[in-house]
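Side chains are part of it too, since the values below use all heavy atoms of this structure and drop only hydrogens, waters and symmetry mates. Every chain is numbered from 1, with letters handed out A, B, ... down the list of sequences.
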Protein chains: 2
Amino acid sequence: MTDRQTDLDARISRVAFNADGLVPAIVQEHATHEVLMLAWMDAEALRRTLTTGRVTYWSRSRGVYWRKGDTSGNIQVVKGARLDCDGDVVLLEVAQTGPACHTGTRTCFESDLSRDDVGDRDLHPVVG
Amino acid sequence: MTDRQTDLDARISRVAFNADGLVPAIVQEHATHEVLMLAWMDAEALRRTLTTGRVTYWSRSRGVYWRKGDTSGNIQVVKGARLDCDGDVVLLEVAQTGPACHTGTRTCFESDLSRDDVGDRDLHPVVG
């Protein structure tokens, strides 16, 4: 085992995966700090992400690894990876090519939860 | 039931809570776009957050609601709330008073996962 592998194993061992062996990864555009999406990784997806520089997730619905952009071309290149204080959330900084969302929008967070999505928005305060 | 309550119920009903009745909430400083933390909400925590403008979570470890800042003074005031394309992740924009992390740091993501935390960082590339 190389020093680099040992180092990588040590870093991945710091992650507190949940009972299903998964950790949520928040994905942020490194240049603009826009939050693009959240998806899930197991240890192997995280290892692939950190070693290849291309973000790879574990699909809970399909039960397969998916490397972002392989189908759509909208790849994510890793610019940084951070772990939270409890070790159970990953924050990835990426360079996103094209829209991050499979719906074709820039981010997955296009739906406003602080207002009624139907009707005259001016009638509703941001919080309320 | 008032129109506002009906509207709020409709918004909360758009959230796809998990099998435990929870949804992860990513919390972002609205001014700087810094990602501060991730915590969990049930429908009642989300309702309190949207109606009071003070961010309230469900503690999975303690089994109680906790309103951020009640103990520390480091409150979070809601500036916006968004839902992702699958309805299963909330993104909150907040005005954070003081450090967001219980460790006293500005954000909970102070640990660099892309490098070995021990030793000479110059020896390690950002990815790998």
Would a single hydrophobic cluster contain both B:F17 and B:V90, if residues Ile, Leu, Val, Met, Phe, Trp and Tyr are joined by side-chain heavy-atom contacts under 4.5 Å? yes
Looking at CG of A:L8 and OG of B:S114, how far apart are the two atoms once the value is rounded to the nearest 0.5 Å? 11.0 Å
Is there a path of hydrophobic side-chain contacts, each under 4.5 Å between heavy atoms of I/L/V/M/F/W/Y residues, joining B:V78 to B:I12? yes
Choice from B:I26, B:T107, B:T103 maximising heavy atom contacts with chain A below 4.5 Å: B:I26
Looking only at heavy atoms, which two atoms of A:D112 and B:R14 are closest? And how far apart? O-NH2, 3.4 Å
Common cluster, A:V77/A:L46, ILVMFWY with side-chain heavy-atom separation under 4.5 Å: no
Find out if a path of hydrophobic residues (ILVMFWY) with successive side-chain heavy-atom gaps under 4.5 Å connects B:L36 to B:W66. yes
Give a yes or no on whether B:M41 and B:V89 share a hydrophobic cluster (residues Ile, Leu, Val, Met, Phe, Trp, Tyr; joining criterion: side-chain heavy atoms under 4.5 Å apart). no
With side chains defined as the heavy atoms from C-beta onward, is the minimum distance between A:L113 and B:V15 less than 4.5 Å? yes
Are any non-hydrogen side-chain atoms of B:D84 and A:L38 less than 4.5 angstrom apart? no
Any idea which heavy atoms bring A:E110 and B:R82 closest together, and the distance? O-NH2, 3.1 Å
Name the region of B:R54, side chain, backbone, both or neither, that has any atom closer than 4.5 Å to a heavy atom of chain A. neither
Minimum heavy-atom distance between B:F109 and A:L91, given as atom pair plus value: CD2-CB, 3.6 Å
A side-chain contact here means heavy atoms from C-beta on lying under 4.5 Å apart; do A:C85 and B:C101 qualify? yes
Side chain to side chain, B:D86 and A:H102, heavy atoms closer than 4.5 Å: yes
Rounded to the nearest 0.5 Å, how far apart are CG of A:D88 and CZ of B:R60? 6.0 Å
Which atoms form the tightest heavy-atom contact between B:Q28 and A:H33, and what is the distance? NE2-O, 3.1 Å
Name the region of A:L92, side chain, backbone, both or neither, that has any atom closer than 4.5 Å to a heavy atom of chain B. neither
